[in-house]
Each structure stands twice: as structure tokens, then as C-alpha cells.
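Right, one structure below, let's go through it.
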Amino acid sequence: MSIPTLLLHPYQHFLNSLRIPSPRLHCILHSGLSGPPGAGKSTFIEYFGKMLTERGHRLSVLAVDPSSCTSGGSLLGDKTRMIELSRDMNAYIRPSPTSGTLGGVTRTTNEAILLCEGGGYDIILIETVGVGQSEFAVADMVDMFVLLLPPAGGDELQGIKRGIIEMADLVVITKSDGDLVVPARRIQAEYVSALKLLRRRSGVWRPKVIRISARSGEGISEMWDAMREFQQVMLASGELTTKRQKQQRVWMWNLIQENILEHFKTQPGIREQIPLMERKVLSGALSPGLAADLLLKAFKSKP
């Protein structure tokens with residue numbers, strides 16, 4: 001059992017002891033932030049975080065860094081790009097490696113979110129790696145999914161996968177200052193039109209497109225107002241409560257899948273066969289499907 005899981009037990013016991021949900025828990029906002037490299041995620045979080053702490057909020061940033069496929073290492077350099085925020089006593093920044101996890105979300109992110117809740121943080125941001133279909137993982141952990149996009153990245157409507165746009169509750173065009181104001185306005189108009197053609201995930205919330213500049217601060221207060229409006233609307237309709245309940249179910253099945261795979265790989269008799277089957281697949285002596293069937297058959301035959 002992992003250390004985060006052990007630490008969670010007292011807090012989860014407290015939550016289970018409540019006959020009705022605590023009003024404070026409904027005030028905690030879980031928000032996922034994602035965007036392509038160069039979208040200015042860290043710069044935005046630095047400015048946004050300082051604004052929130054100055055307004056009396058306690059902010060937790062769970063920043064996920066990609067792990068190297070070659071060495072397995074991770075730079076974990078987010079704190080170096082959030083110098084002022086990292087010194088703020090009302091902010092907590094936790095960089096974590098993906099360690100090969102699909103979607104740029106570590107396996108302990110759910111536990112970390114709950115621990116931050118128990119630690120008194122009322123706003124929790126999860127900054128994920130890149131943009132792709134695998135980023136659906138973060139949507140199963142947060143209340144609100146925010147997509148950050150730069151204004152000068154080419155044809156964004158074709159370059160960003162349609163599925164990610166559908167998952168976004170708020171699309172934010174960053175770096176809307178200087179010579180990039182005009183491109184930012186154009187991209188904003190394109191996304192406003194595009195979102196009208198997509199099926200809405202919520203019956204009470206229509207995704208918005210906002211332009212911001214972390215350099216001048218333009219639009220960031222309006223973005224926070226939109227995030228608060230989202231939380232209030234979703235809470236009043238009951239959708240937020242239902243969403244969190246469904247996320248708990250997804251979390252349970254994710255843990256089951258991870259543990260079953262780990263149990264499979266470490267099962268005596270199977271553990272010794274895996275390298276042999278891998279060599280046969282690499283040499284072409286066995287197809288991947290047949291090798292998988294043989295391993296699963298051996299696993300099922302175990303008492």
C-alpha cells in the first residue's frame with residue numbers, strides 16, 4: 001500500500017462519517033489545466049496563483065512533468081518557472097513525474113487531491129502534460145477542465161484533437177498582448193464558432209472562450225469569474241455532485257486495473273514465462289495475440 005493511500009485513510013474515514021456533504025468540500029475547486037508546449041501554462045499559473053492567494057485563497061498546484069522514455073527520469077522543473085508562487089506560504093507546488101503513465105497524470109494524483117483538501121487548500125490545479133486524446137484521464141479527476149492555447153500555433157482547429165475541445169469547460173487563449181492581440185482575437189472567434197457545433201457535456205453550462213495575458217494581467221480576473229460561475233452553476237444544478245460521484249467509480253476501477261496487472265506480472269509461474277513470450281514476439285515466432293492468450297490461459301489455470 002502506498003504512503004499517500006495510508007495517509008488518506010483518516011481523512012476518508014472523516015468524510016464517510018459525515019451524514020451530509022460538508023459545505024466546505026463543495027467550496028473546493030478541482031481544475032485541470034492542459035495545453036501544448038509553449039502555451040504559457042507555468043507563466044499563467046504563477047500570475048493566477050498570486051492573484052488567488054492575495055484574495056485569501058489557499059492554492060495547491062499538482063504539476064505533472066513528463067518522464068524520459070530512455071532514462072525514466074523527469075526534470076521536475078515547474079518550481080523554477082513559478083519562483084514567486086513557490087515562496088508564497090499560501091501556495092503549495094508539487095511537481096510529479098508521469099513515470100510512463102498514460103495521459104500525463106500520475107497514478108497517485110487522486111490521492112494527492114484529497115490530501116490537499118485535507119490540508120486546507122480550497123483551490124487545486126492539476127497541470128498536465130501536453131494535449132492529446134490520452135488527456136481524458138484528467139477529466140475524470142477534476143470539476144473543470146481548462147484548455148490553454150497559444151494564439152500563434154498555426155491552424156489550431158485542425159491541430160488540436162476534437163475530443164479535447166469537447167472535454168473543455170473553458171478555452172483560454174494565452175499571450176494576448178503586443179503583436180499577438182490580433183491573432184488571439186481571430187483564434188477566439190474561431191473557437192467560439194467551433195464550440196457551437198460540438199455536443200455539450202453539461203445541461204447547464206456552455207463552454208466559454210476567453211483571452212488572457214499573464215504579462216499584463218488582462219483577462220485573468222474575468223477567467224477566475226468564469227471559473228467561479230461554473231462552480232456555482234454546476235453545484236446548484238446538482239451536476240457537480242453527480243460528477244464527483246462518477247469520478248469515484250472511475251478511480252475505483254482504475255485502481256483495480258492497475259492492481260490486477262501488477263498481480264498478473266508478479267504471479268509465480270507467469271513471471272518466468274513473460275520474458276520468454278516477449279522474446280518469441282520480438283523474433284516473430286509468436287503473434288502478440290497468441291502470446292497474450294497463452295499467458296492468460298496459464299494465469300487462469302493457477303489455483
Side-chain angles (χ1 to χ4, degrees), residues 1-34 45-46 48-65 76 78-79 82 85-99 101 103-128 137-146 169 224 227-228 230-232 234-235 238-256 258-259:
M1 186 178 294
S2 65
I3 292 177
T5 303
L6 288 172
L7 293 173
L8 274 178
H9 281 176
Y11 183 58
Q12 288 181 320
H13 179 72
F14 164 73
L15 293 180
N16 293 334
S17 69
L18 298 176
R19 292 188 177 182
I20 57 174
S22 169
R24 178 186 170 276
L25 297 180
H26 287 315
C27 295
I28 300 173
L29 176 64
H30 308 159
S31 180
L33 299 176
S34 189
I45 293 174
E46 167 92 337
F48 185 60
K50 289 297 294 180
M51 182 192 76
L52 293 177
T53 57
E54 288 171 0
R55 296 186 181 187
H57 294 283
R58 298 193 71 211
L59 172 71
S60 174
V61 180
L62 305 177
V64 184
D65 271 8
L76 302 179
D78 289 273
K79 280 192 175 182
M82 306 177 194
L85 188 61
S86 64
R87 296 171 180 167
D88 195 316
M89 296 301 294
N90 289 316
Y92 170 70
I93 303 174
R94 170 69 179 180
S96 302
T98 59
S99 300
T101 306
V105 181
T106 67
R107 60 179 299 178
T108 57
T109 301
N110 272 313
E111 286 94 338
I113 290 172
L114 281 184
L115 287 174
C116 289
E117 284 185 2
Y121 295 95
D122 62 326
I123 302 172
I124 302 171
L125 301 181
I126 298 93
E127 180 195 356
T128 60
V138 74
D140 289 325
M141 299 180 182
V142 298
D143 305 329
M144 183 178 199
F145 186 81
V146 180
D169 299 300
W224 173 236
M227 294 174 72
R228 292 184 61 189
F230 170 88
Q231 185 184 31
Q232 292 165 1
M234 294 289 284
L235 186 58
E239 284 192 26
L240 183 59
T241 302
T242 302
K243 188 175 187 178
R244 289 193 177 184
Q245 290 171 344
K246 290 180 178 179
Q247 289 172 354
Q248 295 292 306
R249 183 179 61 192
V250 171
W251 183 8
M252 178 190 75
W253 281 109
N254 286 341
L255 290 173
I256 290 173
E258 290 175 5
N259 282 280

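Since the structure is predicted, the reported quantities are computational estimates derived from the model, not experimental observations.
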Task: Nearest heavy atoms of Ala112 and Leu62, plus distance in Å - done: CB-CD1, 3.9 Å
Open item on the list: With rounding to the nearest 0.5 angstrom, report the OG1 to CG distance, Thr241 to Leu235.
Closed with: 6.0 Å
Open item on the list: Measuring from atom CZ of Arg58 to atom CG of Asn90, what distance do you get when rounded to the nearest 0.5 angstrom?
Closed with: 6.0 Å
Task: Partners passing side-chain contact (heavy atoms from CB on, under 4.5 Å) against Asp140 (at least two apart in sequence or in another chain) - done: Val250
Open item on the list: Just to verify, which of Phe48, Trp224, Tyr92 counts as forming a ring-ring contact (aromatic ring centres under 6.0 Å, His included) with His57?
Closed with: Trp224
Open item on the list: Can you give me the closest heavy-atom contact between Ala91 and Thr53, atom names plus distance?
Closed with: CB-CG2, 4.3 Å
Task: Gln245 CD to Leu240 CG distance, which is reported to the nearest 0.5 Å - done: 10.0 Å
Task: Arg244 vs Gln248 side-chain heavy atoms within contact, under 4.5 Å - done: no
Task: Minimum heavy-atom distance Ala139-Gln247, with the two atoms named - done: O-NE2, 3.6 Å
Task: Closest contact, heavy atoms only, His30 versus Glu117 - done: NE2-OE2, 2.5 Å
Open item on the list: Distance check, rounded to the nearest 0.5 Å: Ile123 atom CD1 versus Arg55 atom CZ?
Closed with: 9.5 Å
Task: Sidechain N-carboxylate O distance under 4.0 Å for Asp143, Lys243 - done: no
Open item on the list: Counting C-beta onward and ignoring hydrogens, is there a side-chain heavy-atom pair between Glu127 and Ile45 closer than 4.5 Å?
Closed with: yes
TODO: With rounding to the nearest 0.5 Å, note down the distance linking OG in Ser60 to CG in Leu125.
DONE: 8.0 Å
Task: Residue pair Leu29, Met227: steps toward the side chain to side chain contact (heavy atoms under 4.5 Å, CB included) verdict - done: CA-CA 9 Å; Leu29 176 64; Met227 294 174 72; 3.9 Å; yes
- [ ] Calculate, to the nearest 0.5 Å, the distance between atoms CH2 and CD belonging to Trp251 and Glu111 respectively.
- [x] 5.0 Å
- [ ] Tell me, yes or no, whether the heavy-atom count around Met252 atom CE, taken from other residues, nucleotides or ligands under 6.0 Å, exceeds 12.
- [x] yes
Task: Closest approach of Ser31 to Val146 (non-hydrogen atoms, all atoms of both residues) - done: OG-CG2, 3.6 Å
- [ ] Provide the closest heavy-atom pair for Leu85 versus Lys50 in the form atom of the first, atom of the second, distance.
- [x] CD1-N, 3.8 Å
